[in-house]
Asks: 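The structure is given below, and queries will be raised subsequently.
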Amino acid sequence: TILVILLVFFLLPCMTFQHVFICVFLFCVLRAVAGPYRFCLQDGSPLGVCFPLRDCSQGTAETSPQMAAVLLLAELNVDLRPSCFDDDDSRNHVLISDQFNNRVVEVDKATHQITWSFGSGSDVPGPQSVVGVNDAMRFGPLTLISGTGIPASDPPLPGCSDPVNGCPDNRVFVVGPAGNILWQYGQAGVTGSGPNQLDTPVQAAVLSKFLDQGGFHVIITDQGNQRIIVVNFAGDIVWQYGTTGVSGSDPNQLEDPNSAVVLNNGNILIADENNNRVIEVTVEGDIVNTFTAGGTVSGAAFASRLVNLPGNGFDLLNGPYDAKKLNDFADQEEFVGSVCLTITIF
């Protein structure tokens, strides 16, 4: 556009009206053909997957899913021009964690047709499969998936053929549009608490910054290890609340936590399920707020702070399954006016 304007400016004294008209006409045709600027992700698909440019101004430095996608793709050496993206068609879609069918599906709300999916249905975790998925989050063109696994049960639960050992997964990973795993924390089918090990991760969320450390991070609710951890791109644990493997209600103790959210003030909101409470903790590990709804909470499954903003459209369901309206997470932590705490219980 700038080049065309400069050419017209310098050549204008030598041009007739017909020349100017032809230049303007050709410029309009080229703009129409080129369309909006697009971002293309080469993640294994033959031609890549493209997303139109969108406004990057929404969200905070800590919670912006769009920025987290940019940072992760930058770490993976994916060309980022432009660095913000959106898929207009997916605004009418819902992302569903189909737990016992061992898959994540994106569904068109109008037609109920599946437009994207990950998971072969196998009860063995692998590059193309996830077991007992309890949570999924779309950020930019990427999808964060929590492979929770399915516990042992006799008779076996749906989605698992092993009544004695169950079907563990124990991974949190990021999938590209073509279904390739681009980043992963935890080892497929391995239960543990050591480096790169998880025990029943039930929920996770991406962060574009944590503490003073910029870059891609993931906050993981590692339920079986009784802890909340924040992991960076390299797989290092940079923050933890909860004593690994210890159940309790004393300071730095949790009992089967089920979710964790980084708030706009930098604190972490934790649904401490079997302690029947939601706690807000600082990054130093101090509990600054405890929510029990007057002692009536029984099994706090999920908690988040919501705000009623015009056109926010933030919609979240969480329980045995999880569903999210796509492309509305950027406004989640834009606090204006009164703030409410929402607690979901089983």
Side-chain angles (χ1 to χ4, degrees), residues 55-72 135 137 139-140 144 202-222 227-233 236-243 249-254 257-273 275-294 297 300-316 318 324 328-345:
D55 179 20
C56 297
S57 61
Q58 299 297 324
T60 67
E62 288 76 20
T63 61
S64 168
Q66 298 285 344
M67 184 55 67
V70 170
L71 294 169
L72 175 58
D135 184 68
M137 173 185 181
F139 64 112
L144 180 71
V202 291
Q203 185 257 352
V206 296
L207 306 171
S208 55
K209 178 183 177 183
F210 190 76
L211 301 176
D212 295 327
Q213 304 175 36
F216 175 80
H217 292 75
V218 178
I219 184 169
I220 302 173
T221 303
D222 191 13
R227 64 183 182 176
I228 307 296
I229 58 175
V230 176
V231 178
N232 63 16
F233 174 81
D236 302 319
I237 296 176
V238 299
W239 184 86
Q240 176 174 331
Y241 186 85
T243 303
S249 58
D250 290 334
N252 199 35
Q253 291 183 349
L254 301 168
N258 210 67
S259 75
V261 177
V262 178
L263 301 177
N264 197 49
N265 61 8
N267 293 341
I268 295 86
L269 191 69
I270 301 171
D272 191 9
E273 184 179 351
N275 277 325
N276 301 318
R277 65 180 183 175
V278 171
I279 57 174
E280 180 181 345
V281 301
T282 65
V283 292
E284 292 78 21
D286 300 319
I287 297 176
V288 294
N289 282 304
T290 300
F291 306 95
T292 64
V297 170
F302 184 86
S304 65
R305 278 182 169 167
L306 305 179
V307 59
N308 294 323
L309 290 177
N312 187 312
F314 181 70
D315 181 25
L316 178 63
N318 194 307
K324 296 179 175 71
D328 284 318
F329 294 98
D331 298 326
Q332 180 181 359
E333 289 296 336
E334 290 294 302
F335 283 48
V336 177
S338 61
V339 174
C340 300
L341 177 74
T342 298
I343 302 173
T344 303
I345 61 176

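Index from 1, following the sequence.
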Asks: Looking only at side-chain N and O atoms, does D135 offer a donor or acceptor that is under 3.5 Å from a partner on Q203?
Replies: no

Asks: T290: which residues meet the side chain to side chain donor-acceptor pair (under 3.5 Å) condition with it, sequence neighbours left out?
Replies: none

Asks: In sequence, state the C-alpha distance, the side-chain angles, and the governing distance for L211 and V238, and then conclude on side-chain contact (heavy atoms from CB on, under 4.5 Å).
Replies: CA-CA 9 Å; L211 301 176; V238 299; 5.7 Å; no

Asks: How long is the gap from CG on N276 to OG1 on T292, to the nearest 0.5 Å?
Replies: 9.0 Å

Asks: Testing V202, N275, D222, I228 one by one against P257 for a side chain to side chain contact (heavy atoms under 4.5 Å, CB included), which residue passes?
Replies: I228

Asks: Please examine the side chains of R227 and I237, heavy atoms only from C-beta on, and report whether any two atoms are closer than 4.5 Å.
Replies: yes

Asks: I would like to know whether D236 and Q213 meet side-chain contact (heavy atoms from CB on, under 4.5 Å); could you show each step before the answer?
Replies: CA-CA 12 Å; D236 302 319; Q213 304 175 36; over 6 Å; no

Asks: Which class fits the ring pair F210 and H217: parallel under 30°, tilted 30 to 60°, perpendicular over 60°?
Replies: tilted

Asks: Between the side chain of T243 and the main-chain N/O of N252, is any donor-acceptor distance below 3.5 Å?
Replies: yes

Asks: Are the side chains of V278 and V297 in contact, using a 4.5 Å heavy-atom criterion?
Replies: no

Asks: How many angstroms lie between atom CZ of F302 and atom CG of L269, to the nearest 0.5 angstrom?
Replies: 8.5 Å

Asks: Which pair of heavy atoms, one from A271 and one from A300, lies closest together, and at what distance?
Replies: CB-O, 3.5 Å

Asks: Which residues satisfy the side chain to side chain donor-acceptor pair (under 3.5 Å) test with D286, sequence neighbours excluded?
Replies: none

Asks: Is it the case that the side chain of N265 and the backbone of N267 share a donor-acceptor pair, with hydrogens and angles ignored and the cut-off at 3.5 Å?
Replies: yes

Asks: Taking all atoms of both residues into account, what is the closest heavy-atom pair of G266 and V283, and its distance?
Replies: O-CG1, 3.6 Å

Asks: For the side chain to side chain contact (heavy atoms under 4.5 Å, CB included) test, which of T282, V230, I287 pairs with Y241?
Replies: I287

